[in-house]
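Quick note: numbers below take in every heavy atom, side chains included, and nothing from hydrogens, waters or symmetry partners. One-based numbering along the sequence shown.
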Amino acid sequence: MSSNNNTSSVESVTDGLKKHNLNDGFKVGLEDVNWDHSFVRELPGDSRADVIPRQVFHACYSKVSPSVQVENPQLVAWSESVAEILDLDPKEFERPDFPLFFSGATPLVGGLSYAQCYGGHQFGTWAGQLGDGRAITLGELLNSKSQRWELQLKGAGKTPYSRFADGLAVLRSSIREFLCSEAIHSLGIPTTRALSLVTTGKYVVRDMFYDGNAKEEPGAVVCRVAQSFLRFGSFQIHASRGPEDLKIVRTLADYTIRHHFPHIDNMSKSDSLSFSTGQEDDSVVDLTSNKYAAWAVEVAERTASMIASWQGVGFTHGVMNTDNMSVLGLTIDYGPFGFLDAFDPSFTPNTTDLPGRRYCFANQPDVGLWNIAQFVSTLSTAELINEKEADYALERYGTKFMDDYQAVMTKKLGLPKYNKQLISKLLNHMAVDKVDYTNFFRLLSNIKADSTTPDEELLVPLKPALLDIGQERKEAWTSWVKIYIEELSASGVPDEERKALMNSVNPKYILRNYLCQSAIDMAEQGDFEEVRRLLKVMERPYDEQPGMEKYARLPPAWAYRPGVRMLSCSS
């Protein structure tokens with residue numbers, strides 16, 4: 001990319017920052033970060049220092065430095081809200097050497113880089129050791145609130161876990177990960193975050209469709225940010241390796257609870273967390289007597305809550321392998337994800353998943369339960385929890401998911417209380433007529449609780465979503481809307497108040513795959529403005545944002561071509 005492009009990129013960064021009062025709160029530069037590398041300090045590490053692909057035993061990580069080659073790297077996009085949680089001065093984005101630090105070409109002063117070791121079930125089958133094959137943690141920092149944050153570069157080069165791959169990432173997948181991390185956060189769903197996206201200035205060879213037609217694509221690196229990138233698979237790998245490694249499961253669990261679930265460490269008997277298991281022998285699980293059981297329950301409930309939130313906004317993760325499941329209940333690893341366009345419960349955005357649709361939209365809650373079952377089985381193998389405690393964690397997953405999902409759907413419809421029949425019938429109608437999930441719920445708030453509305457006018461507020469439906473389907477929808485209006489009238493909530501509440505949970509803007517693709521196409525030509533614009537729109541998904549309506553449009557015909565709506569795991 002030309003140096004002219006680089007200059008305009010820096011100017012654009014500067015313009016974006018002029019709007020900010022840079023003296024707000026406590027802000028630091030990159031040289032003044034308060035590093036605290038607890039993961040490396042407190043857990044066993046790899047005894048070797050090379051990056052030769054291999055099995056790494058008795059270790060939670062391998063120390064490794066970024067090795068990505070760069071040539072005039074450029075800052076494509078950045079998140080001001082992530083900089084804020086890190087106490088990072090926004091002026092740092094203007095530094096000419098910022099892209100060098102966040103591509104991995106120049107080490108951060110005080111950082112300590114490593115790649116994590118983990119395993120996982122992939123599509124239901126144990127895959128053994130996986131690990132950070134192209135992600136390298138730069139270190140952990142403590143912000144002014146004493147919150148721990150880990151910075152990680154994705155696409156920064158080979159690690160011992162890279163297997164046959166090159167450890168690099170392309171601009172296409174990096175834009176998707178950067179934007180979706182921030183979009184999911186703005187939708188109010190727990191997720192890993194993204195601080196920055198940098199091009200490397202080098203090309204990477206990728207076979208996008210696994211059809212033998214590999215091509216060169218621009219390389220890029222995303223800086224991901226989370227309080228921890230620990231996964232279910234981080235624990236599974238050690239339990240799978242026999243008795244001598246079981247103590248690592250305990251050590252890692254102790255570390256995780258100490259740093260990320262401190263309230264569990266501080267529990268006492270007075271908290272009285274005893275629960276009947278509901279089994280015939282009327283046995284009781286006392287969570288205060290076993291911190292690992294209390295932790296397993298919390299991991300299960302956080303996971304259930306996260307997936308209920310996904311279902312609410314129509315998000316399909318695409319690769320819910322156990323190595324892609326965060327123990328903090330965060331949405332993690334954005335690969336071939338997709339938001340529902342037309343409502344289709346069997347939708348999967350992952351071409352690899354097409355034969356069995358294991359990870360399709362409707363299956364996500366059950367897959368979450370299956371993954372939790374693998375996680376608690378690991379804790380049982382390490383003798384941290386017993387069978388009753390493991391079963392109880394699974395039970396609590398189911399209860400939490402149903403509670404949260406019912407609450408989400410009740411709010412989406414603006415109902416006073418959950419109505420299973422009304423909601424089931426609605427989803428059935430939406431599936432039959434392939435109704436756009438996001439736009440329909442946004443339009444639904446325009447329905448007035450007025451039972452005197454003539455039949456021929458009932459569907460007017462929904463018209464933009466109910467396209468090309470025949471007379472028979474119109475009658476089915478009219479009959480549903482009538483029952484819906486009865487429910488609304490009974491609640492007594494004024495129309496405008498209900499509309500505001502519904503609009504606060506039904507987004508107008510979601511990161512549809514075709515919007516990503518438009519931004520990718522421009523960025524691959526060296527124009528990053530659409531990536532930045534899309535980020536700004538997705539930061540306020542529930543607002544009307546006059547002038548931005550084009551970002552709420554239905555997908556155009558070209559959006560259904562391969563590589564846009566559906567992607568492979570390596571994308």
Side-chain angles (χ1 to χ4, degrees), residues 36-48 55-64 112-121 126-133 135-137 139-140 148-150 152 159-161 192 226-267 290-300 302-303 321-330 332-333 371-386 389-390 393:
D36 183 64
H37 307 298
S38 67
F39 198 84
V40 171
R41 185 174 65 241
E42 298 173 27
L43 295 167
D46 184 2
S47 57
R48 286 169 55 175
Q55 292 294 304
V56 175
F57 293 103
H58 320 309
C60 294
Y61 64 89
S62 301
K63 286 185 182 175
V64 56
L112 181 56
S113 55
Y114 65 87
Q116 196 193 142
C117 179
Y118 49 83
H121 283 86
W126 177 246
Q129 178 183 293
L130 299 164
D132 285 334
I136 297 176
T137 289
E140 300 163 60
R148 181 173 302 280
W149 292 98
E150 184 178 327
Q152 187 187 79
T159 77
Y161 312 102
T192 59
Q227 296 202 296
S228 172
F229 286 92
L230 281 165
R231 302 132 188 283
F232 292 6
S234 308
F235 298 84
Q236 288 181 285
I237 188 64
H238 304 298
S240 75
R241 284 179 163 167
E244 60 190 301
D245 284 55
L246 288 180
K247 65 180 184 297
I248 299 180
V249 179
R250 181 183 292 267
T251 302
L252 189 54
D254 287 342
Y255 166 86
T256 307
I257 293 168
R258 183 163 61 250
H259 288 292
H260 302 292
F261 297 80
H263 53 283
I264 288 176
D265 246 350
N266 299 331
M267 266 190 332
N290 182 1
K291 69 176 181 180
Y292 304 113
W295 176 55
V297 164
E298 186 162 340
V299 172
R302 286 191 188 192
T303 303
N321 298 331
T322 58
D323 56 299
N324 295 339
M325 299 294 292
S326 156
V327 293
L328 300 189
L330 306 173
I332 190 172
D333 290 332
N371 288 345
I372 287 288
Q374 309 318 305
F375 178 66
V376 297
S377 166
T378 295
L379 302 185
S380 298
T381 302
E383 298 183 352
L384 301 183
I385 61 175
N386 62 34
E389 289 164 338

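In this structure, the side chain of Thr322 does not engage the main chain of Asn371 through any donor-acceptor pair within 3.5 Å. Without hydrogens or angle criteria, Tyr61 side chain to Ala115 main chain gives no donor-acceptor distance under 3.5 Å. Between the side chain of Thr159 and the backbone N or O of Asp132 there is at least one donor-acceptor pair closer than 3.5 Å. A side-chain donor-acceptor contact under 3.5 Å links Asn290 to the backbone of Leu384.
Between the side chains of Tyr292 and Asp254, a donor-acceptor pair is found at a separation under 3.5 Å. A donor and an acceptor atom, one from each side chain of Glu140 and Ser38, are located under 3.5 Å apart.
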Stepwise side chain to side chain contact (heavy atoms under 4.5 Å, CB included) check, Gln116 with Thr137: CA-CA 8 Å; Gln116 196 193 142; Thr137 289; over 6 Å; no
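Residues Val327 and Thr256 have side chains in contact (heavy-atom distance under 4.5 Å, counting atoms from C-beta outward). Proximity of Asp333 to Arg231: side-chain heavy atoms (C-beta onward) are separated by under 4.5 Å at one or more points. Looking at heavy atoms from C-beta onward, His259 lies in side-chain contact with Glu42 at the 4.5 angstrom threshold. Contact annotation: the side chain of Tyr255 approaches that of Leu230 to within less than 4.5 Å [non-hydrogen atoms, C-beta and beyond]. In this structure, Met325 and Gln374 have side chains that are not in contact, with every pair of non-hydrogen atoms separated by 4.5 Å or more. Looking at Trp295 and Leu379, their side chains come closer than 4.5 Å, going by heavy atoms from C-beta outward.
Ile136 and Val64 get closest at one heavy-atom pair: CG2-O, 3.7 Å. Heavy-atom minimum distance, Phe232 versus Val299: CE1-CG1, 3.8 Å. Across all their heavy atoms, Ser326 and Ile332 have their closest contact at N-CG2, 3.9 Å. Taking every heavy atom of both residues into account, Asp36 and Arg41 meet most closely at OD1-NH1, 3.1 Å. Of all non-hydrogen atoms in Val249 and Ala239, the two that sit nearest each other are CG2-N, 3.7 Å. Between Leu252 and Ser234, the closest heavy-atom pair is CD2-O, 3.4 Å.
Within 6.0 Å of CD on Glu383 lie no more than 12 heavy atoms contributed by other residues, nucleotides or ligands.
Once rounded to the nearest 0.5 Å, the distance linking NE2 of His37 with CG of Leu112 reads 5.0 Å. Atom NE2 of His121 is separated from atom CZ of Phe375 by 14.0 Å, given to the nearest 0.5 angstrom. For the atom pair Ile237 CD1 and Tyr118 OH, the distance stands at 11.0 Å (nearest 0.5 Å). Asp245 contributes atom CG, which lies 14.5 Å from atom CZ of Arg250 (distance to the nearest 0.5 angstrom). For the atom pair Ser380 OG and Glu389 CD, the distance stands at 8.5 Å (nearest 0.5 Å). In this structure, CD1 in Ile257 is found 5.0 Å from NZ in Lys291, a value given to the nearest 0.5 Å.
Relative ring orientation between Phe39 and Tyr114 is described as parallel, the plane-to-plane angle staying below 30° on a 0-90° scale split at 30° and 60°.
Of the listed residues (Gln129, Gln236, His58), just one forms a side chain to side chain donor-acceptor pair (under 3.5 Å) with Arg241, and that residue is Gln129.
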